Amino acid sequence: MALIGVIGGSGLYEMQGLDNVREHRVETPFGAPSDAIVTGELQGVPVAFLARHGRGHRLIPSEVPYRANIHALRQLGVRYILSLSAVGSLREEVRPLDMLIPDQFIDMTRRRESSFFGDGAVAHVSMADPVCARVADCLARGFGIAQGEATQGDQPIALHRGGSYVCIEGPQFSTRAESHWFRAMGASVIGMTNMPEAKLAREAQIAYGTLAMATDYDCWHPREAAVTAETAIANLQQNAARAQRIAAEAIRLLGEEQPQSDAHTALASALVTPLEAMSQEKAAVIKPLLAPTDRVEELES
Ligand SMILES: CSC[C@H]1O[C@H](OP(=O)(O)O)[C@H](O)[C@@H]1O
Ligand SMILES: Nc1ncnc2[nH]cnc12
């Protein structure tokens, strides 16, 4: 079993420093995840790593099998997810290469399956606070430790705490009008993947947090060139080693502290349909999402 899941985004296709590495081809009711899930231990903490776009970066954001990814991680026992993501900055002060830990998401996606529920099973989870504050805190402390260890030649970068990540469908980048509109909405960064990932993590009662790495100023900035995939990936690669160090520290802290999160009991007040009122097939999909301490035990006792 793995306590912590790491979902690596653009430019982050493997997790360094894992011991006892194993690959798992996990099957889910929603098909296969983006790629094999790699489990191992990082300083003794069991971790499951998944490359969001697949190794070789083969999936556009709309093609990422978000439900399969989250279901598979949950099947492996994951209770905390660290999402590592490239983003465009919508704020002058968030400079390319800076990092940001969002506390909100705005979902502008249009053609993604975004729930495990439906087909005879109803739940309405709260998304008021989509990011687990304890996971965010471990990422921020991880950033501080990695910054303290930075070697000469490492460019100092800033960490921004909080802010909204607006998620677009992609794969095209935004128009200039859209980019200005997202700024006017109050969003801090823009990406294409964290929704519905964060919604599904909440439905699976997994505490979720994102380390967003700014790679560009999208296309709103009067003095900067509009984003291209080439520049975004080149900037992400400059930060990849640092992202690995931050994730490793956050994993160590989460492993030590194993904080209780509201996400861990998200379904306790959200599940409307009792398991026994669902079809057997649907109950088999939902059951793995229910923590051993909530309604499964109740219903089975
Ligand atoms: C190659 S830049 C655009 C690409 O990068 C981000 O993905 P991820 O969150 O997986 O790092 C962004 O959302 C786009 O998918
Ligand atoms: N400007 C941008 N828009 C959407 N996703 C991104 N990922 C990195 N930069 C991005």
Side-chain angles (χ1 to χ4, degrees), residues 2-15 33-35 37-38 42 47-54 57 59 61 64-74 76 78-88 99-107 109 112 114 127 129-140 142-143 159-168 170 187-215 232 236 239-240 242-251 253-254 261 263 266:
L3 181 69
I4 298 168
V6 179
I7 302 183
S10 298
L12 290 160
Y13 310 110
E14 61 174 27
M15 180 91 217
S34 300
D35 206 329
I37 298 183
V38 177
L42 214 128
V47 175
F49 177 85
L50 176 59
R52 180 184 283 126
H53 303 276
H57 205 128
L59 303 170
V64 171
Y66 297 98
R67 291 191 297 182
N69 289 354
I70 300 295
H71 207 275
L73 289 172
R74 188 68 166 93
L76 291 173
V78 164
R79 302 315 309 271
Y80 304 94
I81 285 178
L82 303 179
S83 147
L84 308 177
S85 276
V87 294
M99 297 194 180
L100 183 141
I101 301 174
D103 57 3
Q104 286 294 331
F105 294 107
I106 300 172
D107 190 354
T109 64
R112 301 182 188 183
S114 61
M127 290 303 295
D129 296 301
V131 172
C132 170
R134 306 296 301 274
V135 172
D137 193 53
C138 289
L139 282 168
F143 178 94
L159 174 70
H160 306 266
R161 286 293 304 264
S164 299
Y165 169 128
V166 61
C167 190
I168 58 169
S188 294
V189 293
I190 181 165
M192 304 179 191
T193 61
N194 281 203
M195 282 289 176
E197 199 171 82
K199 287 178 174 167
L200 293 163
R202 180 58 56 86
E203 286 189 349
Q205 307 199 102
I206 300 174
Y208 184 91
T210 292
L211 181 66
M213 290 163 279
T215 53
L236 193 277
N239 253 341
R242 198 183 316 237
Q244 295 266 358
R245 286 205 298 277
I246 295 169
E249 288 302 333
I251 288 166
L253 292 165
L254 282 170
S261 169

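Quick caveat: nothing in here was measured; it's all calculated off a predicted structure.
- Between L100 atom CG and F143 atom CZ the span is 10.5 Å, to the nearest 0.5 Å.
- With rounding to the nearest 0.5 Å, the separation of CZ in R202 from NZ in K199 is 12.0 Å.
- Between L73 and I7, some side-chain heavy-atom pair lies under the 4.5 Å cut-off.
- Here the CG atom belonging to L12 is positioned 10.0 Å from the NE2 atom belonging to H53, to the nearest 0.5 angstrom.
- When side chains are defined from C-beta on, I101 counts as touching L159, because their heavy atoms get closer than 4.5 Å.
- The closest donor-acceptor contact from the side chain of D103 to the backbone of G163 lies under 3.5 Å.
- Shortest non-hydrogen contact noted between P33 and I37 is CG-CD1, 4.4 Å.
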Exercise for review: Kindly indicate, with the supporting measurements, whether the criterion side chain to side chain donor-acceptor pair (under 3.5 Å) is fulfilled by R52 and S10.
Suggested key: CA-CA 8 Å; R52 180 184 283 126; S10 298; over 6 Å; no
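- Taking 4.5 Å as the limit, every side-chain heavy atom of R134 sits out of range of all side-chain heavy atoms of S261.
- Using a 4.5 Å heavy-atom threshold, the side chains of Q104 and Y165 count as separate.
- With hydrogens and angles disregarded, a donor-acceptor distance shorter than 3.5 Å links the side chain of Q244 to the backbone of E14.
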Self-check item: Steps toward side chain to side chain contact (heavy atoms under 4.5 Å, CB included) verdict (I246, M99)
Solution: CA-CA 11 Å; I246 295 169; M99 297 194 180; 3.5 Å; yes
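- S34 is linked by a side chain to side chain donor-acceptor pair (under 3.5 Å) to N69, counting only residues two or more places apart in sequence or in another chain.
- Side-chain atoms of Y80 never come within 3.5 Å of backbone atoms of V78 as a donor-acceptor pair (strictly under, hydrogens ignored).
- The shortest distance between side-chain heavy atoms of I190 and V87 does not fall below 4.5 Å.
- Proximity of a side-chain donor or acceptor of R79 to a complementary backbone N or O of Q205 within less than 3.5 Å is detected.
- Taken from CG in L254 to CD1 in I4, the straight-line distance is 4.5 Å, to the nearest 0.5 Å.
- Between P196 and S114, the shortest heavy-atom distance links the atoms CB-CB, 3.4 Å.
- By the 4.5 Å heavy-atom criterion applied to side chains, L200 and E203 are counted as neighbours.
- What you find for A243 and M213 is that their closest heavy atoms are CB-SD, 3.6 Å.
- For the side-chain contact (heavy atoms from CB on, under 4.5 Å) with I81, the qualifying choice from I70, T210, V6, L50 is I70, the only one to do so.
- For the residue pair G142 and L253, the shortest heavy atom distance occurs at N-CD1, 4.2 Å.
- Side-chain atoms of R67 and E197, non-hydrogen and from C-beta on, never get closer than 4.5 Å to each other.
- Contact between S164 and I106 at its shortest, heavy atoms only, is CB-CD1, 4.2 Å.
- Y208 has its side chain within reach of S83: a pair of non-hydrogen atoms, C-beta onward, lies under 4.5 Å apart.
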- Worked verdict on R161 versus D137 for side chain to side chain contact (heavy atoms under 4.5 Å, CB included): CA-CA 9 Å; R161 286 293 304 264; D137 193 53; 4.0 Å; yes
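- Evaluation of the side-chain contact (heavy atoms from CB on, under 4.5 Å) rule for V131 yields F105, A136 as partners, not counting sequence neighbours.
- The two residues C167 and M192 have their closest heavy-atom pair at SG-C, 3.4 Å.
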- Task: Begin from the C-alpha positions of L211 and L82 and carry the test side chain to side chain contact (heavy atoms under 4.5 Å, CB included) through to its verdict.
- Result: CA-CA 7 Å; L211 181 66; L82 303 179; over 6 Å; no
